[in-house]
Amino acid sequence: MALPGDKEIQNAILVFLAQNDGSASVHEIADGLANHFRLTKADLAARRHHLRREAGESVWRQKLRRARGHLVKMGALAPSAKYGTWKLP
């Protein structure tokens, strides 16, 4: 299965947090959204092989991190939540 698009991920993060009292760990979010999108083990393990800093990070985790950054920039997520925790403002 192909990984979901950026907007789909952003919306799913917001829905997930709203359903979990507005706060969750990055691991809970990653696992919850992987289940929501029915991602396979291969989807979750896929990596990009290039010289960039996050080359060892899975494509799925990269997409989550970028989605969070965009949501923080838009004001939809709190920028200063406890490390490893994502929170609605």
Side-chain angles (χ1 to χ4, degrees):
M1 175 179 190
L3 293 175
D6 294 342
K7 292 289 184 191
E8 288 178 284
I9 294 171
Q10 292 168 18
N11 290 334
I13 290 169
L14 295 175
V15 169
F16 185 88
L17 289 172
Q19 293 172 342
N20 288 278
D21 297 323
S23 178
S25 75
V26 66
H27 300 293
E28 292 169 327
I29 294 166
D31 292 346
L33 269 57
N35 289 333
H36 170 77
F37 290 118
R38 294 186 171 104
L39 300 180
T40 66
K41 287 183 180 184
D43 293 330
L44 298 175
R47 301 206 184 300
R48 290 194 178 121
H49 299 287
H50 48 70
L51 298 176
R52 291 182 52 193
R53 171 182 61 82
E54 67 271 3
E57 184 178 42
S58 73
V59 175
W60 173 238
R61 289 292 180 141
Q62 289 176 27
K63 289 178 82 67
L64 286 174
R65 185 171 41 80
R66 282 194 308 266
R68 179 193 180 273
H70 184 75
L71 291 169
V72 167
K73 196 178 235 184
M74 289 178 14
L77 285 183
S80 59
K82 185 175 87 175
Y83 181 78
T85 301
W86 297 1
K87 184 177 179 180
L88 296 174

Starting at OG1 of Thr85, measure out to CD1 of Ile29 and round the result to the nearest 0.5 Å. 8.0 Å

How long is the gap from CZ on Arg61 to OG on Ser58, to the nearest 0.5 Å? 6.5 Å

Restricting to non-hydrogen atoms, name the atom on Leu88 and the atom on Ala76 that form the minimum distance, rounded to 0.1 Å. CD2-O, 3.7 Å

Return the minimal non-hydrogen interatomic distance between Gly75 and Pro89, and the atom names on each side. O-CG, 3.3 Å

By salt bridge (charged side-chain N to carboxylate O under 4.0 Å, His left out), which residues pair with Asp6, not counting sequence neighbours? Lys63

Could you go through residues 9-24 and list every donor-acceptor pair under 3.5 Å that involves a side-chain atom there, pairing it with any protein atom two or more places apart or in another chain?
unit_1: Asn11; atom_1: ND2; unit_2: Lys7; atom_2: O; d: 3.3
unit_1: Asn20; atom_1: ND2; unit_2: Phe16; atom_2: O; d: 2.7

Could you give the distance from CG (Leu64) to CG (Leu33), rounded to the nearest 0.5 Å? 6.5 Å

Which pair of heavy atoms, one from Val72 and one from Ala78, lies closest together, and at what distance? CG2-O, 4.2 Å

Is any side-chain heavy atom of Trp60 closer than 4.5 Å to a side-chain heavy atom of Leu3? yes

